[in-house]
J.: 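Once you've had a glance at the structure underneath, I'll fire off some questions.
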There are 2 protein chains.
Amino acid sequence: MNNKRVTSFDVAELAGVSRSTVSFVYSEDKQSRIRPETRQRVREAAEKLGYYPNASARALASNQSNTIGLIMTRSPRYIASDNFLPQIIGGLLDIVKQEQLGLLIEWVEPGQQMQTYLQLSHAKHIDGMIILTPRFDDPGLNALEQLGIPCVLMGQIPGCNLPYVDIDNRSSAKLAVDYLIELGHHQIACITNAATAYSSASQRLEGYRDALKAADIALDESLIRIADFDAASGYTQMKDLLTEYPRFSAIFVASDNVALGALAAIHEAGLSVPEDISLVGFDDIPEAAFYYPKLTTVHTPAKEIAEESCYLLMQLLKGETPFSRTINIPTQLIIRDSTRMIERSHITTY
Amino acid sequence: MNNKRVTSFDVAELAGVSRSTVSFVYSEDKQSRIRPETRQRVREAAEKLGYYPNASARALASNQSNTIGLIMTRSPRYIASDNFLPQIIGGLLDIVKQEQLGLLIEWVEPGQQMQTYLQLSHAKHIDGMIILTPRFDDPGLNALEQLGIPCVLMGQIPGCNLPYVDIDNRSSAKLAVDYLIELGHHQIACITNAATAYSSASQRLEGYRDALKAADIALDESLIRIADFDAASGYTQMKDLLTEYPRFSAIFVASDNVALGALAAIHEAGLSVPEDISLVGFDDIPEAAFYYPKLTTVHTPAKEIAEESCYLLMQLLKGETPFSRTINIPTQLIIRDSTRMIERSHITTY
DNA sequence: AGAGATTATTAACACGCGTTAAACTACAAT
DNA sequence: ATTGTAGTTTAACGCGTGTTAATAATCTCT
């Protein structure tokens, strides 16, 4: 670095105007106040000097950082193997670029939520935040709600009045299991996508229960396993299920990531999908269409969720009252090759 | 928001000290200057008032934002289906949290690189940046180099003197193809991980060429296909390869993501891996061990790469001269189930 | 041409904190 | 008591920009 930083003062000097004028040129909304030829002169001077407005100074003076935060509620270890995440990030990056915003990524440790949220919002490094996969047991959410900090949840927490964008996990899961039942399956296992402290996990599990109930199938708790976001956990849980309690002809795995592991365990046991076991996943991550077999799964429009969350947050930031503080994105069951009608031989009598 | 923001002035007042003292308490390095009991009083006052130092003001005054940027060189569409990315982000998040830094994510449009880099660094929203998968044809890199902006490449560009952290793509790829040759394969196809403008793609392709050359196998250009990061492109390219030129017994796919699509195309053609075609991937993403069949692939320590990049950048930020400005992380061939000795019947004579 | 109305520009303060150099305190040594 | 000294604290300035209220320039209309 040889030469000093270029400030708006230098630009003003070169353009023969005052610093305020330069500032006005750079705040888009009031452009009408500046005569076009003056603005042109300022822009040229800025270009010549290589002037870029200092973000920190702007943030300090205007009290907004033009940056939003994406807050994740799990540790990096689980972030590293989440194939749903890139879709969210991609979706956000798209909008954020259009809107000239920055995107800051953070994660919170369980037990530190309250402090982290408060710090993030008060430090004003970010103007607002999007919280990915919120947890029931997060005491920080109440604080956010009471303090009225701009915030959008990606996922819904019952009893929490924060704005959110989500799919209807429960009915979507029911849809998936309904389909298995429709194919003639009665003994249907379930592996969750994550610990039930995560709202999406417990809601999907509820949907599974709903479907069984609606079809008058007795719930067998031993057919339920809890996974942990990634394929490895799906593998473990499926293996366990197959050795402990192998009497099921179909399974609902509440996350494609987890389903990949489950598939591996099934193959390893010498069984095949869908011949021996029908499997329905959840999320429809881009890879699901290329798994072996191609996954029947619930399509979750990740990009849309990201976009809606972002727009909703932006409305809150502008102080506008959004049309609705809660947005539900419809899902859709995608039928591919991992499911089929039950074989006669699989039907066990009670 | 009912009450005004709490500033260091308020804390100072309540603690009965001056604002400077508060500031000293919050800058760790000079804590020795403040008497423990005074510091205690300040901390208590801060706690009572709910004081959090304003990030923008700090950044402005100290000329450092304590935030680093992760810059991606492709569009959100390709970010959304990159399963290598979460590992990088997870790795960075880990370090960044320990070091109390922020992580800002950005992407650059081709053609806008120069401007984007300059803006990012001059606006001082970030102190330095990590550029993921740099491209040969990126004119912005020169600018970064000449201006001496703190920056680390994740990936190496020949002729570019910016600090980097990378694996040896070329020799790693050679290793993979050597293994196929060792198994008796002579007709070996290749699908790249991305366009050859990305250094990793062209380097891996070079490694493929090296291996063939070393084994005196004539290079057949028609066995080479260019993919585009994701499974979909792998599927397309493989399908094309199988219809256009089906005479190969093995294939090197320079990315596990792409390999997943390739596998699907192979299955769809009624062939199987490794019986009909042996396949070696690259990256060893966490899912590779659960693909069907489990992928033989080159393990790329993503977490380590992320960590080393982060540490290297931090050294540059502190003005320290790092032990080495270029770091190479060793890779390792992981042998699983997607490769095997060639069948006699596959050996064609020339 | 001159008063009034409009528009363009500027001066001056504010944003909240880091940091240097100076001022103050307490205490030991003279 | 005075001086010296190390240890604490503070006053005051600067970081680069946004924004308001006031001033200057331009235009409109009679």
Side-chain angles (χ1 to χ4, degrees), chain A residues 1 3-43 45-46 49-67 100 119 121-125 127, chain B residues 1 3-42 45-46 49-67 119 121-125 127:
Chain A
M1 308 275 182
N3 40 2
K4 283 293 266 187
R5 152 175 294 142
V6 180
T7 73
S8 61
F9 179 81
D10 303 323
V11 176
E13 206 168 30
L14 179 60
V17 297
S18 85
R19 215 178 46 64
S20 308
T21 305
V22 176
S23 177
F24 283 132
V25 170
Y26 275 85
S27 50
E28 301 292 333
D29 43 324
K30 290 174 186 159
Q31 288 225 349
S32 54
R33 300 182 52 140
I34 302 295
R35 201 188 311 167
E37 62 188 74
T38 307
R39 189 182 315 149
Q40 177 67 14
R41 264 211 330 278
V42 170
R43 290 234 112 100
L49 294 174
Y51 167 70
Y52 295 90
N54 182 292
S56 306
R58 296 190 95 162
L60 179 59
S62 68
N63 195 27
Q64 52 180 3
S65 60
N66 290 317
T67 299
Q100 314 246 53
Q119 165 156 2
S121 60
H122 282 81
K124 270 292 169 192
H125 215 126
D127 293 334
Chain B
M1 310 278 182
N3 39 3
K4 281 296 263 187
R5 151 175 296 142
V6 181
T7 74
S8 61
F9 180 81
D10 303 322
V11 176
E13 207 168 29
L14 180 60
V17 297
S18 85
R19 215 177 47 63
S20 309
T21 305
V22 176
S23 177
F24 282 133
V25 170
Y26 275 84
S27 50
E28 302 291 333
D29 41 324
K30 290 175 187 158
Q31 287 225 350
S32 53
R33 299 183 52 140
I34 303 294
R35 199 189 312 167
E37 61 187 77
T38 308
R39 191 183 313 150
Q40 177 67 14
R41 264 211 328 277
V42 170
L49 295 174
Y51 168 70
Y52 295 91
N54 182 291
S56 307
R58 295 190 95 163
L60 180 58
S62 68
N63 195 28
Q64 52 181 3
S65 59
N66 289 317
T67 298
Q119 165 156 1
S121 59
H122 282 82
K124 270 290 167 192
H125 215 125
D127 294 333

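Because only heavy atoms are used, hydrogens play no part in the values below, and waters and symmetry mates are left out as well, while side chains stay in. Proteins come first, then strands; the chains are lettered A, B, ... in the order of their sequence lines, and each starts at number 1. Values in this document were obtained by computation on a predicted structure and should not be read as measured data.
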J.: With respect to the phosphate group of C:dT19, does any side-chain polar atom (N or O) of B:Ser62 fall under 4.0 Å of OP1 or OP2?
T.: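 Negative; the distance criterion is not met.
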
J.: Below 4.0 angstrom from OP1 or OP2 of C:dG16, is there any side-chain N or O of B:Arg5?
T.: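 Yes, within the criterion.
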
J.: Measure the CD-CZ distance between B:Gln64 and B:Arg58 for me, rounded to the nearest 0.5 Å.
T.: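 Taking CD in B:Gln64 and CZ in B:Arg58, the distance rounds to 9.5 Å.
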
J.: Rounded to the nearest angstrom, tell me the gap between atom CZ in B:Arg41 and atom C1' in D:dT9.
T.: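 For the pair B:Arg41 CZ and D:dT9 C1', the rounded distance is 11 Å.
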
J.: Quick one: list whatever passes side chain to side chain donor-acceptor pair (under 3.5 Å) with B:Asp127, sequence neighbours left out.
T.: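 With neighbours one apart ignored, the set is B:Ser65.
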
J.: Can you tell me if B:Arg58 touches the phosphate of C:dG18, counting only side-chain N or O atoms and a distance under 4.0 Å to OP1 or OP2?
T.: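 Indeed, a polar side-chain atom of B:Arg58 lies that close.
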
J.: Determine whether B:His125 and B:Thr67 make a side-chain contact, defined as any pair of heavy atoms from C-beta on separated by less than 4.5 Å.
T.: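 B:His125 vs B:Thr67: side chains apart.
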
J.: Please figure out whether B:Gly16 or A:Asn54 has its closest DNA chain D nucleotide nearer the 5' end.
T.: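 By nearest-heavy-atom nucleotide position, the 5'-most residue is B:Gly16.
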
J.: From CG of A:Leu49 over to C1' of D:dG16, roughly how many Å is that when rounded to an integer?
T.: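 It is 15 Å, rounded to the nearest whole Å.
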
J.: Side chain of A:Ser20, base of C:dA11: donor and acceptor closer than 3.5 Å?
T.: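 Side chain to base: pair found, below 3.5 Å.
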
J.: I need the CG-P distance between A:Asn66 and D:dT17, as an integer number of Å.
T.: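 Interatomic distance, CG of A:Asn66 to P of D:dT17: 15 Å.
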
J.: Using a heavy-atom cut-off of under 4.0 Å over every strand shown, decide if B:Val22 touches base, sugar-phosphate, or nothing.
T.: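 Contact class for B:Val22: none.
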
J.: Starting from P on D:dG14, measure out to CZ on B:Arg19 and report it in whole angstrom.
T.: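 From B:Arg19 CZ to D:dG14 P: 15 Å.
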
J.: So which heavy atom on B:Lys124 is nearest to which on A:Arg5, and how close?
T.: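 Result for this residue pair: CG-NH2, 2.8 Å.
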
J.: Just so I know, are the side chains of A:Thr7 and A:Asp10 near enough to count as touching, which here means a heavy-atom distance under 4.5 Å?
T.: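 Heavy-atom side-chain distance check passes, below 4.5 Å.
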
J.: Using 0.5 Å steps for rounding, measure from the OH atom of A:Tyr52 to the CD atom of B:Gln119.
T.: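 With rounding to 0.5 Å, OH (A:Tyr52) is 7.0 Å from CD (B:Gln119).
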
J.: Are any of the side-chain heavy atoms of A:Tyr26 and A:Arg43 separated by less than 4.5 Å?
T.: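 In short, these two side chains touch, coming nearer than 4.5 Å.
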
J.: For B:Ala57 and A:Leu60, which heavy atoms make the closest approach, and how far apart are they?
T.: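 Shortest heavy-atom contact: CB-CD1, 3.7 Å.
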
J.: Note the angle between the end axes of the helix from C:dA1-D:dT30 to C:dT30-D:dA1, five pairs defining each, rounded to 10 degrees.
T.: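 One end's axis against the other's: 50°.
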
J.: Do any side-chain nitrogens or oxygens of B:Tyr52 fall under 4.0 Å of OP1 or OP2 in C:dC17?
T.: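 Answer is no, no contact under 4.0 Å.
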
J.: Report yes if a side-chain nitrogen or oxygen of A:Ser23 is closer than 4.0 Å to either non-bridging phosphate oxygen (OP1 or OP2) of D:dG18; otherwise report no.
T.: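 Yes, because at least one side-chain N or O of A:Ser23 sits under 4.0 Å from OP1 or OP2 of D:dG18.
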
J.: Which part of the nucleic acid does A:Ser8 contact within heavy-atom distance under 4.0 Å: base, sugar-phosphate only, or nothing?
T.: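 It contacts sugar-phosphate atoms only.
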
J.: What integer distance in Å separates A:Phe9:CZ from C:dT9:C1'?
T.: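 For the pair A:Phe9 CZ and C:dT9 C1', the rounded distance is 16 Å.
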
J.: Show me the protein contacts with nucleotides 22-28 of chain C, counting only N or O atoms at under 3.5 Å.
T.:
none

J.: What's the closest nucleotide to the side chain of A:Pro53 if the choices are D:dT10, D:dT17, C:dG16?
T.: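 The answer is D:dT17, which lies nearest to the side chain.
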
J.: Over how many whole Å does the gap from A:Asn63 atom CG to D:dT20 atom P extend?
T.: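 Taking atom P of D:dT20 as the reference, CG of A:Asn63 is at 13 Å.
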
J.: Does A:Tyr51 make a side-chain N or O approach to OP1 or OP2 of D:dT17 shorter than 4.0 Å?
T.: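 For D:dT17, OP1/OP2 do have a side-chain N/O of A:Tyr51 under 4.0 Å.
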
J.: To the nearest 0.5 Å, how far apart are OG in B:Ser8 and CZ in B:Phe24?
T.: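 B:Ser8 OG to B:Phe24 CZ: 12.0 Å, rounded to 0.5 Å.
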
J.: Could you tell me whether a side-chain N or O of A:Arg41 sits under 3.5 Å from a main-chain N or O of A:Ala15, the two making a donor and an acceptor?
T.: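 Side chain of A:Arg41 to backbone of A:Ala15: a pair is present.
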
J.: I want to check one thing: is the phosphate of D:dT9, taken as OP1 and OP2, less than 4.0 Å away from some side-chain N or O of B:Ser18?
T.: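 Answer is no, no contact under 4.0 Å.
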
J.: Any base atoms under 4.0 Å from B:Thr7, or only sugar-phosphate, or nothing? Heavy atoms, all strands.
T.: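 Counting heavy atoms under 4.0 Å across all strands, the contact made by B:Thr7 is with sugar-phosphate only.
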
J.: Can you give me the closest heavy-atom contact between B:Leu14 and B:Leu49, atom names plus distance?
T.: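 That would be CD2-CG, 3.9 Å.
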
J.: Within the structure shown, what part of the strands sits under 4.0 Å from B:Thr38 by heavy-atom distance: base, sugar-phosphate, or nothing?
T.: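 Here B:Thr38 touches the backbone only, sparing every base.
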
J.: Give the rounded distance in Å between these two atoms: OH of A:Tyr26 and C1' of D:dT17.
T.: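 It is 13 Å, rounded to the nearest whole Å.
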
J.: How many Å lie between CD on B:Glu37 and P on D:dT8, as a whole number?
T.: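 About 9 Å, once rounded to whole Å.
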
